[in-house]
2 protein chains.
Amino acid sequence: MTQIVDALAALAQETRLRAYRLLVEAGPEGLPAGRIGEELELPPATLSFHLAHLARTGLVRSRQEGRFVIYSADFRNMNQLVGYLTENCCGGRACAPSTRRTRVRA
Amino acid sequence: MTQIVDALAALAQETRLRAYRLLVEAGPEGLPAGRIGEELELPPATLSFHLAHLARTGLVRSRQEGRFVIYSADFRNMNQLVGYLTENCCGGRACAPSTRRTRVRA
DNA sequence: ATGTTATTTCCATTATTCTGGAAATATGGA
DNA sequence: TCCATATTTCCAGAATAATGGAAATAACAT
């Protein structure tokens with residue numbers, strides 16, 4: 001439960017949610033921190049604070065690449081989060097919307 | 001986006017998440033505030049604060065019934081939230097787990 | 001009206017989170 | 001080596017959220 005609350009809190013902040021979405025869009029290659037700060041127009045200290053927060057909860061990973069630190073979305077925790085919400089917070093009814101996306105057959 | 005951040009923030013707090021889950025379990029009839037406070041062992045002011053927070057975001061509704069105020073989960077916003085996460089934060093892959101639960105633990 | 005129970009509002013205190021400048025650290029290049 | 005660039009850490013101030021006692025409001029019963 002602590003994990004779930006932490007993941008929710010990590011995303012419950014506009015700057016972090018925007019950063020996370022950028023990284024989802026960017027795909028597995030991810031983006032260097034500076035690129036994210038540019039996109040979000042954040043001073044470096046603020047950016048670092050939020051990226052560290054996302055990384056702490058495991059929603060995001062980082063790897064060093066030369067002078068750059070590359071961040072990328074880690075979907076495992078997001079899967080867990082969506083799974084939790086679907087199973088525990090939707091009262092049995094279909095909570096995920098019927099989008100035209102990948103249908104999952106169980 | 002503000003709506004999504006608000007919903008996430010509402011659930012990103014242990015007390016509120018627990019209250020919300022209780023209400024999901026309780027179904028459409030919901031539960032009187034006092035019953036929730038009893039279950040969660042909260043002083044009335046604290047309980048009221050958190051329930052009001054959930055209601056403000058639309059995750060929960062309340063209705064007066066005699067001397068009691070009955071709270072119940074409103075799934076519309078939860079659907080929206082899960083939908084948003086699935087569509088915007090999962091990078092195209094299936095985010096909801098394919099585990100089909102026949103039994104929901106109480 | 002008075003009493004009892006349920007819930008909320010008021011308010012102050014404490015705790016947590018956010019913000020960003022300045023300094024520190026890290027890496028690569030000349 | 002020294003310099004430029006990328007990112008983080010340090011730190012302190014500002015903003016926001018959580019907590020709960022006490023008083024207020026609401027609803028019903030006698």
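Chain A is the first sequence line, chain B the second, and so forth, proteins listed ahead of strands; every chain is numbered from 1.
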Checklist entry - Picking from C:dT19, C:dT7, D:dT8, which would you name as closest to the side chain of A:Val69? => result D:dT8

Next on the checklist: At 4.0 Å (heavy atoms only), tell me whether B:Pro44 reaches a base, stays on the sugar-phosphate, or touches nothing.
Outcome noted: base

Checklist entry - Which part of the nucleic acid does A:Arg16 contact within heavy-atom distance under 4.0 Å: base, sugar-phosphate only, or nothing? => result sugar-phosphate

Checklist entry - To the nearest angstrom, how far is A:Glu38 atom CD from D:dT5 atom P? => result 14 Å

Item to check | Position toward the 5' end of DNA chain D (nearest nucleotide), A:Thr46 or A:Arg67 | outcome: A:Arg67

Item to check | Carboxylate-amine/guanidinium contact A:Glu65 A:Arg63, below 4.0 Å | outcome: yes

Next on the checklist: Given D:dT19, D:dT8, C:dT8, identify the nucleotide with an atom nearest to the side chain of B:Tyr71.
Outcome noted: C:dT8

Next on the checklist: When you measure from the side chain of B:Thr86 to the backbone of B:Val82, do you find a donor-acceptor pair of N or O atoms at a distance under 3.5 Å?
Outcome noted: yes

Checklist entry - Reckon A:Ala45 touches a base, only the sugar-phosphate, or nothing at all at heavy-atom distances under 4.0 Å? => result base

Checklist entry - To the nearest angstrom, how far is A:Ile70 atom CD1 from C:dA26 atom C1'? => result 15 Å

Checklist entry - A:His53 has an atom NE2; how far is it from atom P of C:dG20, in whole Å? => result 16 Å

Next on the checklist: When you measure from the side-chain N and O atoms of B:His50 to the phosphate of D:dA17, is any distance below 4.0 Å, counting only OP1 and OP2?
Outcome noted: no

Checklist entry - B:Pro43 side chain: which of D:dA26, D:dG20, D:dT9 is closest? => result D:dG20

Checklist entry - Within this structure, what is the CG-to-C1' distance between B:Leu40 and D:dA18, rounded to whole angstrom? => result 15 Å

Checklist entry - Would you say A:Thr57's side chain and A:Leu54's backbone share a donor-acceptor pair under 3.5 angstrom? => result yes

Checklist entry - Once you round it to whole Å, what is the distance between P of D:dT19 and CG of B:Leu51? => result 13 Å

Checklist entry - Between A:Phe49 (CZ) and D:dA15 (C1'), how many Å, whole number? => result 12 Å

Checklist entry - Within this structure, what is the CG-to-P distance between A:Leu47 and C:dG21, rounded to whole angstrom? => result 13 Å

Checklist entry - The side chain of B:Gln64 lies closest to which of these nucleotides: C:dT8, D:dT19, D:dA27? => result D:dA27

Checklist entry - Distance from A:Leu8 atom CG to B:Gln13 atom CD, nearest 0.5 Å? => result 11.0 Å

Next on the checklist: Between A:Arg16 and A:Ala10 (side chain of the first, backbone of the second, donor and acceptor by atom type, cut-off under 3.5 Å), is there such a pair?
Outcome noted: yes

Next on the checklist: Just the rounded figure in Å: distance from C1' of D:dT8 to CZ of A:Arg56.
Outcome noted: 14 Å

